[in-house]
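A short worksheet on the structure shown next.
One is the number of the first residue; the rest follow in order along the sequence. This structure is a prediction, so every number in the text was calculated from the model and none was measured.
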Amino acid sequence: MVIISEELLAERWFCSVSRIQRWRSQKIGPPYIKMMGRILYRVSDIEAYEQSCLVIPGEEK
């Protein structure tokens, strides 16, 4: 299992850590792990979430 921090997720998505935190508080985004006061994300969950957000022009979801 590969995991990354919210800081690395923010870099991956070209946004701020505070945006990632806000989305999490609004129950938006991929599942996360809260362990010893840290927030971590499984890369497999991030990839699944990204896939669910994929928009293909000309196709409806």
Side-chain angles (χ1 to χ4, degrees):
M1 173 173 52
V2 179
I3 57 174
I4 64 172
S5 66
E6 62 186 351
E7 291 83 9
L8 288 176
L9 178 58
E11 283 183 33
R12 179 181 177 123
W13 286 353
F14 305 102
C15 67
S16 66
V17 172
S18 62
R19 178 176 287 181
I20 299 292
Q21 293 168 342
R22 185 173 59 251
W23 287 343
R24 193 172 56 247
S25 72
Q26 296 172 340
K27 311 250 186 284
I28 300 170
Y32 60 93
I33 300 166
K34 187 170 184 180
M35 186 178 350
M36 299 186 317
R38 297 225 36 206
I39 301 297
L40 303 169
Y41 293 87
R42 296 186 301 189
V43 171
S44 59
D45 290 332
I46 293 167
E47 290 170 342
Y49 182 76
E50 290 169 344
Q51 186 65 32
S52 75
C53 295
L54 182 65
V55 176
I56 300 173
E59 290 186 19
E60 293 186 33
K61 269 194 162 183

Can you tell me how far the OG atom of Ser44 sits from the OH atom of Tyr49, to the nearest 0.5 Å?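 Reported value, rounded in 0.5 Å steps: 15.5 Å.
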Could you pull out all residues at least two apart from Glu50 that satisfy side-chain contact (heavy atoms from CB on, under 4.5 Å)?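 Partners of Glu50 by the side-chain contact (heavy atoms from CB on, under 4.5 Å) criterion, ordered by chain and then number, come out as Arg12, Trp13, Ile46, Glu47.
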Would you mind listing the cluster partners of Val17? Hydrophobic ones only (ILVMFWY), side-chain contacts under 4.5 Å, chaining allowed.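 None; Val17 is a cluster of one.
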Other cluster members, Phe14 - Ile/Leu/Val/Met/Phe/Trp/Tyr, side-chain contacts below 4.5 Å: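 Hydrophobic cluster check, Phe14: no partners found.
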Just list the side-chain donor-acceptor pairs under 3.5 Å for residues 1-9, sequence neighbours left out, or say none.
from	atom 1	to	atom 2	distance (Å)
Ser5	OG	Glu7	N	3.4
Ser5	OG	Glu7	OE1	3.1
Ser5	OG	Leu8	N	3.2
Glu6	OE1	Arg24	NH1	2.9
Glu6	OE1	Arg24	NH2	3.1
Glu6	OE2	Gln21	NE2	3.2

Show every salt bridge (charged side-chain N to carboxylate O under 4.0 Å, His left out) that has at least one partner inside residues 28-37, sequence neighbours left out.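 Counting only pairs at least two positions apart or across chains, no salt bridge (charged side-chain N to carboxylate O under 4.0 Å, His left out) contact touches residues 28-37.
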All N/O donor-acceptor pairs, side-chain side in residues 25-33, below 3.5 Å, sequence neighbours left out:
from	atom 1	to	atom 2	distance (Å)
Ser25	OG	Arg22	O	2.7

